[in-house]
Protein chains: 2
Amino acid sequence: MNTHQGALAGARDVLPGAAIPLYARVKALILRNIGDGTWPRDRRLPSEHDLVALTGASRMTVHRALRELTHAGVLHRVQGVGTFVAAPMARSGLIEIEDIAQEIRRRGAVHGSRVLLLDRVEAPGEVMSAFGEPGCRRPFHSVLVHSEDGTPVQHEERYVDPELAPDYGRQDFSARTPFDYLIEAVPLTEFEHVISAVAASPAIAAALDLPQGAPCLRLDRRTWSGARIATVNRLTYAGERCRLATRRVVSTS
Amino acid sequence: MNTHQGALAGARDVLPGAAIPLYARVKALILRNIGDGTWPRDRRLPSEHDLVALTGASRMTVHRALRELTHAGVLHRVQGVGTFVAAPMARSGLIEIEDIAQEIRRRGAVHGSRVLLLDRVEAPGEVMSAFGEPGCRRPFHSVLVHSEDGTPVQHEERYVDPELAPDYGRQDFSARTPFDYLIEAVPLTEFEHVISAVAASPAIAAALDLPQGAPCLRLDRRTWSGARIATVNRLTYAGERCRLATRRVVSTS
DNA sequence: CAGTGGTCTAGACCACGAT
DNA sequence: TCGTGGTCTAGACCACTGG
């Protein structure tokens, strides 16, 4: 009884499902039951065995549907106990941050960057403590301003661990973003973001051609390579000229 | 030859792998080859068939490993062609946004909210166009201020489609966040976020007890329920008092 | 055409939790 | 002990891509 389509037919389900894979139709069935309130939060779902009987799909297929919905945060499974409807949207609201150069080019504008500084320094204590333990000695330090069609939009200050990216100091960052360089040169495994709003300091105001005190978006980022912190940086966006945006699908499929 | 562990043994691989599932070890093998540069960006991977021979795992297991890595953005697959190493960190940098009340409570502080307004209105054109087509007539309109330990931190203005959440106007939002209410009352499927920095308007400044012109974090959000926009809202955070943060693991596992 | 990935099954063994 | 989920296999059919 291989390759039979038309499963799920026994249930009250069946998407008009033309070429839609079976596991996707099983997911849809479950999502519908959750969406219309048939299975409220914390409700225990039928077991895999029951769903096999209910849908006509094999256990592997049912299991795949359940696994993917679990991964998406829709369900919650406990071995030996059962499958439950998870608290809705528990971990929702994700915002994507991409390389500023890519973002500007994607908008069809011209990206430019001006390197204000590139050296190795004894970093201030605040930065060193951000690096944590074991820390790093005399990190690279770069400061640049990114512009869109000639208008400055982002100020980028960055400290980089020289042991992880020993060639950082020899790059031409007017041609290639530090971000772009680093994601290729160092295997980044983890990162942290903090977004806040600040008033433009005199230095930032000058670099971005803003009045002092103008509202700016600040993004503090740290990236890890394994257990070690690769880079600590602070991006400052000219407030009204720049924004971070995303649109995301939550559940279906 | 069921239930044999010790697969992958033929390859140069084999994690010390005690109770680690096979598919996870196959993922680890692939990630390691990518991580150490053996398989650079755009490099074509061995086919599923080859990986079966290479690892000793069954095709289903190899396929699962490849599928999950593809889903995670590490690989890129084309039917009939092959599997390739994706551009690293292509869609990285996600920031999580959670309910403000939960966030405040998680910090161990006391959340309070003051409802400034709750009614139905003819919304301004700007809002109506945000609702798009077919749009909604006379949406609910709520304005509240959230406080942490008595200090106001967030101003929330929200428009809600009355057809999707007909009881919105009868809720007590001093007890329960609109966000919290909506994620239960309406099955939200998609959302959009835009973050920017703005200077506090007179109204915002008064509500948040800030000087006029103080930098604020603005988060414009729209949520969908299926094809229909459920809510349009604007959150304004008191600049220096509030931030959005996350830490995320990128690849492994 | 041969090779690739995409899906699906029937049955198996295991670890776990509740009874 | 029994039912739950977690993993794994061997083999199958399909759709797609390339030569």
Side-chain angles (χ1 to χ4, degrees), chain A residues 1-10 15 17-30 42-72 74-86 253, chain B residues 1-10 14-15 17-30 42-71 74-86 253:
Chain A
M1 194 202 183
N2 224 344
T3 315
H4 69 148
Q5 296 295 67
L8 281 192
L15 307 211
I20 300 164
L22 231 196
Y23 75 88
R25 278 178 284 161
V26 174
K27 285 172 73 172
L29 163 66
I30 294 166
D42 291 333
R43 162 67 173 264
R44 180 172 154 194
L45 269 66
S47 70
E48 294 191 353
H49 180 78
D50 293 342
L51 284 171
V52 165
L54 186 68
T55 63
S58 74
R59 197 186 149 212
M60 273 297 284
T61 300
V62 166
H63 181 75
R64 174 172 176 183
L66 292 171
R67 175 164 26 92
E68 294 189 358
L69 289 177
T70 302
H71 189 76
V74 176
L75 300 178
H76 171 234
R77 316 195 77 185
V78 183
Q79 203 176 87
V81 181
T83 303
F84 304 85
V85 178
S253 147
Chain B
M1 193 200 183
N2 225 345
T3 315
H4 69 149
Q5 296 294 66
L8 279 190
V14 177
L15 309 210
I20 300 163
L22 232 196
Y23 75 89
R25 279 180 281 162
V26 174
K27 286 172 72 173
L29 163 67
I30 294 166
D42 291 332
R43 163 67 173 265
R44 183 174 151 191
L45 269 65
S47 70
E48 294 192 354
H49 179 77
D50 294 341
L51 285 172
V52 165
L54 186 67
T55 63
S58 75
R59 198 187 148 211
M60 274 297 283
T61 299
V62 165
H63 182 75
R64 176 172 175 183
L66 293 171
R67 173 162 29 87
E68 293 190 358
L69 288 177
T70 302
H71 190 76
V74 176
L75 300 178
H76 170 235
R77 314 195 77 185
V78 184
Q79 201 178 83
V81 181
T83 303
F84 304 86
V85 178
S253 147

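Residue numbers begin at 1 in each chain, while the letters A, B, ... track the order of the sequences.
One finds a side-chain N or O of A/T61 lying less than 4.0 angstrom from the OP1 or OP2 phosphate oxygen of C/dT9. An OP1 or OP2 oxygen of C/dG5 is reached within less than 4.0 angstrom by no side-chain nitrogen or oxygen of B/H63. Phosphate proximity of C/dT4 to B/T83: absent, as no side-chain N or O sits under 4.0 Å from OP1 or OP2. For A/R64, a side-chain nitrogen or oxygen approaches OP1 or OP2 of C/dT7 to under 4.0 Å. At the phosphate of C/dT4, neither OP1 nor OP2 sits under 4.0 Å from any side-chain N or O atom of B/R77.
Looking at heavy atoms from C-beta onward, A/D42 lies out of side-chain contact with A/F84 at the 4.5 angstrom threshold. Side-chain contact between A/L69 and A/I30 is present, with at least one heavy-atom pair separated by less than 4.5 Å.
Rounding to the nearest 0.5 angstrom, the gap separating the OG atom in B/S58 from the CG atom in B/L22 is 8.0 Å. Taken from OG in A/S47 to CZ in A/R59, the straight-line distance is 9.0 Å, to the nearest 0.5 Å.
Under the salt bridge (charged side-chain N to carboxylate O under 4.0 Å, His left out) criterion, A/R43 pairs with no residue at all, not counting sequence neighbours. Applying the salt bridge (charged side-chain N to carboxylate O under 4.0 Å, His left out) criterion to B/R67, with sequence neighbours excluded, gives A/E68.
Of all nucleotides listed (D/dT9, C/dT7, D/dG5), C/dT7 comes nearest to the side chain of A/P21. With distances taken from any side-chain atom of B/Y23 to the nucleotides C/dT4, C/dG6, D/dT7, the minimum falls on D/dT7. Taking the side chain of A/R59 as heavy atoms from C-beta on, and the options C/dG6, D/dG6, C/dC8, the nearest nucleotide is D/dG6. Listed nucleotides D/dG6, C/dT7, C/dA10 differ in distance to A/S58; the shortest reach to its side chain belongs to C/dA10.
Atom CG in A/L75 sits roughly 15 Å away from atom C1' in D/dG6 (whole-Å rounding). The distance between atom CG of B/L66 and atom P of C/dT4, rounded to the nearest whole Å, is 13 Å. Rounded to a whole Å, the CE atom of A/M60 is 14 Å from the C1' atom of C/dC13. For the pair B/E48 CD and C/dC8 P, the computed distance is 15 Å after rounding to whole Å.
Axis orientation changes by 0° from one end of the helix from C/dC1-D/dG18 to C/dA18-D/dT1 to the other, with each end axis drawn from 5 pairs and the value rounded to 10°.
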Query - Check against side chain to side chain contact (heavy atoms under 4.5 Å, CB included), B/L66 and B/L45 - result: CA-CA 10 Å; B/L66 293 171; B/L45 269 65; 4.1 Å; yes
Where do B/T55 and B/V62 land on the side chain to side chain contact (heavy atoms under 4.5 Å, CB included) test, with the steps shown first? CA-CA 8 Å; B/T55 63; B/V62 165; 3.9 Å; yes
Polar atom pairs between nucleotides 15-17 of chain C and protein, under 3.5 Å, N or O only, would you list them?
residue: C/dA15; atom: N3; partner: A/Q79; partner atom: OE1; Å: 3.2
residue: C/dC16; atom: O4'; partner: A/Q79; partner atom: OE1; Å: 3.1

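Among pairs with a residue in residues 74-83 of chain B, those fulfilling salt bridge (charged side-chain N to carboxylate O under 4.0 Å, His left out) read B/E48-B/R77, at least two apart in sequence or across chains.
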